[in-house]
Amino acid sequence: MYIENDDTIYAPATIPGTGAISVIRISGSKALEYASTLVECHSGKLSEASGYTVKFGRIYDGGELLDEVLATVFRAPHSYTGEDSVEISCHASKYIADRIMFLLSGLGARVAYPGEFTKRAFLNGKMDLAQAEAVADLISSQSSTAHRVALSQLKGGFSKELKTMRDSLLNLVSLMELELDFSEEEVEFADRTKLSSLLTGILAHIDSLIRSFKYGNAIKNGIPVAIAGSTNTGKSTLLNTLLGEERAIVSDVHGTTRDTIEETLNVNGLLFRFIDTAGIRETDETVEQIGIVRTFRKISEAQVIVAVVDASRPAEDNVTSLTEILSKADPLNQKLIVVVNKTDLSNDITELVDALKSAVSQQVQLPDGKSSSAQEKNDFGWKNEIETVLISAKNNDGIDILKDRLAAMCKEYAAGSDATMVTNLRHFEALSQARTSLLRVQDGLASGVPTDLVSQDIREAIYHLGSIVGEISTDEVLGNIFRNFCIGK
């Protein structure tokens, strides 16, 4: 994405026809000139107006009145982009908005590229790159938790933490490189003990940020919830009931769902990504077998498993189904809700629930040779903390209880959002690369690696941390980031 910063750009900041007004944003060195030519104010000219001024005026098209508008003036550097800017508020007619933009084009302005306003704000020092990316996250946030995380990053909390780490490393690497100038005198400017202590602290901080990506990514894109179970237990009906729409096909034919279906839903301020999966059963049908393989993969990837069983079926059939789901799950890192569906078709739920709880407690498999004692299973949460919810998805019974249990089970996502949280894959990768470089520094110090090599590893870490906020960036990186923005932002 090539951008000529001397150009004056324009774009709609709102979608015409969806509200009472539309806003057209103009930015650049000639923004005030073009807006002043376009808008005839009741008194004075826009080009003479001071910043933070709103003026009433009329726009004429070929001598005929097009619309009465309000024009808001922002003078550089006190604007979003850091340039002279004007926002024209007109009536929300697509025709009016299109004609205004056509007239601006005739004056010499050009339509903005996706994200160009925010890119100019970054290039003009109004925000760093991490804050610029937070703008897109804020716009796309679908829950109060995602909104809070994006707003925190936009305010610069994450950037300040990165700056503190970079400044500390820059100071030390400068001292180490100063030593190289006095290598013959064998003078030591950088205290190795202090350096080792600093590295330990920074690595701990980076590790914490890297771990937060699991939560941050889920908050941003939705906590993945796999709805799994045998065929015809009501998984697709449950998804449709949760969403309040007929999203998945429902029929009495076994194996109707052949592939995964994903939809997001805001539940108590948290965004969940529900994944309806193919029913688990023995089958010779090739396409259905592929769907079942994908079901097991989604079960292993999910952070929450909703295991759906059918209350109208024998308890042993449901136990077999649940046991197969558990065989693909991780009791250490996943959460489990057993949903007993079709409760309206059964009068003996207690016996079934007891059998299911017993199956969970017996089937927990701990990795790495850990003991599977009852106490350890309690610690890992699947024996005493298993959630069992009774519902009738068809009749919408128990659905609100299921939502409340789900939100309560994932409350740590909302609690953790008050701390700095990594939500961006680019940031996660940069932090991981910085961590690798600093681990090499630690190894180098312990093994007596020459100062110049240790210094180089520190500089690599500084580079990776700086790439997050845009201290070091390339046109290719900027293009990849801003092309995903909406037009007008």
Side-chain angles (χ1 to χ4, degrees), residues 1-39 46-47 49 51-55 57 59-61 66-127 129 131-141 150 154 475 478-489:
M1 179 174 60
Y2 175 76
I3 291 179
E4 177 55 63
N5 287 328
D6 290 336
D7 291 350
T8 294
I9 59 175
Y10 67 85
T14 56
I15 303 175
T18 59
I21 63 170
S22 288
V23 178
I24 297 165
R25 174 180 283 172
I26 314 166
S27 183
S29 59
K30 294 186 177 181
L32 292 172
E33 176 188 333
Y34 293 160
S36 186
T37 302
L38 186 65
V39 181
L46 277 179
S47 57
Y52 307 128
T53 298
V54 181
K55 295 183 74 68
I59 296 178
Y60 291 87
D61 183 6
L66 177 64
D67 198 13
E68 294 182 336
V69 301
L70 292 176
T72 308
V73 176
F74 302 92
R75 288 190 173 273
H78 307 296
S79 69
Y80 179 74
T81 60
E83 305 170 326
D84 285 342
S85 301
V86 179
E87 293 182 356
I88 298 175
S89 300
C90 63
H91 289 95
S93 158
K94 188 177 186 302
Y95 171 75
I96 292 173
D98 286 347
R99 289 305 299 174
I100 291 175
M101 289 187 286
F102 176 79
L103 294 172
L104 284 168
S105 179
L107 291 172
R110 67 165 173 83
V111 66
Y113 296 112
E116 187 170 359
F117 288 94
T118 304
K119 182 171 184 179
R120 290 189 175 201
F122 163 67
L123 293 174
N124 291 325
K126 301 296 291 186
M127 60 180 70
L129 199 53
Q131 290 173 298
E133 289 169 294
V135 172
D137 290 345
L138 189 64
I139 293 171
S140 62
S141 61
L154 181 59
D475 288 340
L478 296 182
N480 287 334
I481 291 171
F482 289 105
R483 70 164 53 98
N484 294 319
F485 276 58
C486 57
I487 297 291
K489 197 63 181 178

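The structure presented is a predicted model; accordingly, all values stated were derived computationally and were not measured.
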Reported [atom1]-to-[atom2] distance for the pair [X] and [Y], which is rounded to 0.5 angstrom:
X: Leu123; Y: Thr81; atom1: CG; atom2: OG1; value: 11.0 Å
X: Arg25; Y: Ser89; atom1: CZ; atom2: OG; value: 11.0 Å
X: Met101; Y: Ile26; atom1: CE; atom2: CD1; value: 10.5 Å
X: Ser22; Y: His91; atom1: OG; atom2: NE2; value: 10.5 Å
X: Ile59; Y: Leu103; atom1: CD1; atom2: CG; value: 7.5 Å
X: Ile24; Y: Asp98; atom1: CD1; atom2: CG; value: 8.5 Å

For Arg75, all residues meeting salt bridge (charged side-chain N to carboxylate O under 4.0 Å, His left out), sequence neighbours excluded: none
Check for a donor-acceptor pair, side chain of [X] on one end and backbone N or O of [Y] on the other, with a separation under 3.5 Å.
X: Lys126; Y: Pro77; value: yes
X: Thr37; Y: Glu33; value: yes
X: Thr14; Y: Val23; value: yes

side-chain contact (heavy atoms from CB on, under 4.5 Å) assessment of Ile96 paired with Val69: CA-CA 11 Å; Ile96 292 173; Val69 301; over 6 Å; no
Shortest non-hydrogen contact from [X] to [Y]?
X: Asp84; Y: Ala31; answer: O-CB, 3.4 Å
X: Ala109; Y: Tyr34; answer: N-CE1, 3.6 Å
X: Ala92; Y: Gly19; answer: CB-O, 2.9 Å
X: Ala134; Y: Ala150; answer: CB-O, 3.7 Å
X: Gly82; Y: Ala76; answer: O-CB, 3.3 Å

Assess whether atom CD1 of Ile139 is packed by more than 12 heavy atoms of other residues, nucleotides or ligands within 6.0 Å. yes
For residues [X] and [Y], determine if any side-chain heavy atom of one lies less than 4.5 Å from a side-chain heavy atom of the other.
X: Tyr80; Y: Met127; answer: yes
X: Leu66; Y: Tyr60; answer: no
X: Leu107; Y: Thr8; answer: no
X: Tyr95; Y: Asp67; answer: no

For Lys55, side-chain contact (heavy atoms from CB on, under 4.5 Å) partners two or more places apart: Cys41, Ser43, Leu46, Ala49, Thr53
Do the ring planes of Phe74 and Tyr52 sit parallel (below 30°), tilted (30 to 60°) or perpendicular (above 60°)? perpendicular
